[in-house]
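Below you'll find the structure, written out as structure tokens, and then a few comments.
The first residue of the sequence shown is numbered 1, and numbering continues consecutively from there.
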Amino acid sequence: MPNLRPRPRRGAGRGARAAGRDELVSRSLQSAEHCLGAQDFGTAYAHYLLVLSLAPELKDDVKETFQYTLFRWAEELDALSRTQDLLGCYEQALELFPDDEVICNSMGEHLFRMGFRDEAAGYFRKAVKLNPDFSDAKENFYRVANWLVERWHFLMLNDTRRNMIYNAAIQKAVRLGSGSVLDIGAGTGILSMFAKKAGAHLVYACELSKTMYELACDVVAANEMEAGIKLLHMKSLDIEIPKHIPERVSLVVTETVDAGLFGEGIVESLIHAWEHLLLQPKTKGENGNCEKYGKVIPASAVIFGMAVECAEIRRHHRVGIKDIAGICLPTSVKFQSPAYSSVDAEETIEPYTTEKMSRVPGGYLALTECFEIMTVDFNNLQELKSLATKKPDKIGIPVTKEGILDAIVVWFVLQLDDEHSLSTSPSEETCWEQAVYPVHDLADYWIKPGDQVMMEVSCQDCYLRIQSISVFNSEHEMDVGKSFTKNKDLLPLGNEAELCSALANLQTSKPDAVEQTCVLESTEIALLNNIPYHEGFKMAMKKVLSSLTLEKRGQAMDTQCPSNEMSCESGQNNSEQSVPEPLYVLDVSEGFSILPIIAGTLGQVKPYSSVEKDQHRMTLDLISEANHFPKETLEFWLRHVEDESAVLQRPKSDKLWSIIILDVIEPSGLLQQEIMEKAAISRCLLQSGGKIFPQYMLMFGLLVESQTLVEENAVQGTERTLGFNIAPFINQFRVPIRVFLDLSSLPCIPLSKPVELLRLDLMTPYLNTSNREVKVCICKSGQVTAIPFWYHMYLDDEIRLDTSSESSHWKQAAVVLDNPIQVEMGDELVLNVQHHKSNVSITVKQ
């Protein structure tokens, strides 16, 4: 019997389903809004996901609310360390909004905080491509680009002489039979391409950085060599035969050296290469085709050094004053820079800093002749192995000029083969900086001809170490550094009288004295040495606190004085007996600061420091004690704050701050991130008459012609790279702003006088402008390539700090133009200066 039940029409079923979907979407939207009101961001996010999966046509309508929900939920997940859930939410969001630059940028920020810099850079770049005017994404990309593609890549690729010498050495090796090549630490792949062009039939290149590996892949492909060069994204220490390369190679080329030669791990990587990746070396006197034997370029290196006097190095590595704005620094506190403290550090820290000595502000004076420190043969496996275990060599160098012993400066000559070499000497025109070993802990740093500078040299933890620096003087006395006395066997040989004299000259602490070593960054030491900074803050704080104290006394008298004079006098007596409420001062400077202690000397003040490190807190306590401060005077604010990300809060529920000190300029010369947001919060936390320091800043700049800045910022065409097309790829990582500059020694030609570019007012923000045009008169003909800038920080209308002064612990920065602009004397250029949050951009209006 046939089924006589009427069949439903197709349209009716579809309509019912659509109605059900619409009902579900409507309910989910209502639920999402309810959850947002209750700040249940996780559930709200889930409802929005459901809505957008069912009704993608609503994307535009709910986009902003969805973004807000995502970001708040991500904050909660981040606080709970639910990393996988957080990343999963962003991946879901980007599936729904793949071209949303705000979500891309936020994803990059989370990845960067987690340490995934390569991945973060990808999201920042995508956000900038989606919206080239998105200033937050641009600023993030510029910051991460400096991490991923270090600026020395541009300098080295622009160094034509370096490229030609490496090319010649590689050509010679390949011509003599080295046909299989491994490039260790390939970077952009330029050495691999030299080898391939020279005729090597097998070229392998390994690079650990994901960003540089991908960049090298693009470069090799653009130069049509991808078929002849195999790129490996890995450390050379992880390469296995035949898993990654089929057999041992006859030539390893590398430039994994830093200013101290060994710091990039060249010794470790070459030991591994000789044991696992290279053919056996040719023995002396042995003839035969080079293809049967292994060799390394560079073949060897000679390390040189000299002792120098340099005020710039001194002020960044030794605290040279005992009194800072009336605060005495006790002898029980020893300040050290990280380079020196690495001697005793448990973790491996680079035992030197680096400087371009030819450009160091104020110059330097050589106190000894150049001397040889050590040689190393990269083609001798046993010598490489013995470097790490070898006992330190003792060296004594005659002093040739009198002066202050500030540092040992080190450079090297890289012998690529028997006829090609590269020097990193400060007297050479080179892309290299020199390694600087600051001298500490001498009783007297003054040396003169007839003295000898003594030191110990070794290669430990893959670093060149120069330790136990001391002075053996012409009167047979020895000024011995503290670290020198740790091992008596290390004392130079001498008669018993000389040894007794040396020991007698050692400075010893009192048995009951507590000695505190405080390790500070070099910029923090330079800050301690910055006398105008501390004197300026002391004067400005004194003005504000004196004014508030007088005002408070006046108010107290008003409230205590009835109409007749007799009761007024008794009121004064009562007020003298009562303990006045202190004035509260908060210093939220980055790093180590003694400003709270200075504030504590200025009357009835309760100063708070926001230093984080226990070592810094102990040091501040010792300084307070040495200056006879009551123990409860100085307090550490982070002990009172539950959430360290919300440092700016009231001192007490019913109190406000008299002074808040903000750190507005980074040591690099840029504005601190989120400084304007911090200033906005700070203004709400000030008592009537209270001040933020600095109160306002003026940004100054000038137009210059500087080939140095151009070459440090971008690879210049193909000529510098010997015809290889590298510039378009690495220049994607150029950043428009160069930081950590010393304008006093920067090679440049000023083409204008300094002009005021911008005013940033932290106390009265309505005076700020987000966009202004500045006319600049040209005073010298030339090509404008950059706009260096710096700041005048006004603590009040009379007290000013200049970030470009000789005593400044801040460096300066510069905007580097994409294309130079030819100008003639008398011309006028118009600069467009834009300020958004903490970012400032400067462009030339054409």
Practice item. State, without any angle test, whether S209 and T211 hold a side-chain donor-acceptor pair at a distance under 3.5 Å. Key: no
Exercise for review: Answer yes or no: are there more than 12 heavy-atom neighbours, outside Q171 itself, under 6.0 Å from its atom CD?
Suggested key: yes
Review point. Quick one: does E456's side chain have a donor or acceptor within less than 3.5 Å of a partner on P392's backbone?
Key: no
Check your understanding: Within a reach of under 6.0 Å around NZ of K230, are more than 12 heavy atoms found that belong to other residues, nucleotides or ligands?
Key -> yes
Point to revise | N-O pairing of R359 and E712 below 4.0 Å | key: yes
Exercise for review: With salt bridge (Lys or Arg N to Asp or Glu O under 4.0 Å) as the test, would you mind laying out the steps for E150 and R117 before giving the verdict?
Suggested key: CA-CA 13 Å; E150 294 185 83; R117 291 176 183 148; over 6 Å; no
Practice item. Quick one: do W432 and M156 satisfy side-chain contact (heavy atoms from CB on, under 4.5 Å)? Show the steps, please. Key: CA-CA 8 Å; W432 287 89; M156 294 179 81; 3.9 Å; yes
Practice item. Consider only side-chain N and O atoms of H316 and S522, and report whether a donor and an acceptor are under 3.5 Å apart. Key: no
Review point. For atom CE of M164, is the number of surrounding heavy atoms from other residues, nucleotides or ligands below 6.0 Å larger than 12?
Key: no
Check your understanding: Among all residues two or more places apart in sequence or in another chain, which pass the salt bridge (Lys or Arg N to Asp or Glu O under 4.0 Å) test with E119?
Key -> none
Review point. Do Y463 and F262 have ring centres separated by under 6.0 Å?
Key: no
Exercise for review: Using a cut-off of 6.0 Å, state whether more than 12 heavy atoms not belonging to K172 lie near its atom NZ.
Suggested key: yes
Exercise for review: Can you sort out the partners of D406 under side chain to side chain donor-acceptor pair (under 3.5 Å), two or more places apart, ordered by chain and number?
Suggested key: R314, R318
Review point. Taking only residues at least two apart or on different chains, which pairs with a member in residues 237-257 satisfy salt bridge (Lys or Arg N to Asp or Glu O under 4.0 Å)?
Key: R162-E255
**Study point:** Residue pair E666 / S668, side-chain donor-acceptor N/O under 3.5 Å
**Key:** yes
Review point. Would one find more than 12 heavy atoms of other residues, nucleotides or ligands at under 6.0 Å from atom CD of E429?
Key: no
**Study point:** Salt bridge E312-K811, side-chain N to carboxylate O under 4.0 Å
**Key:** yes
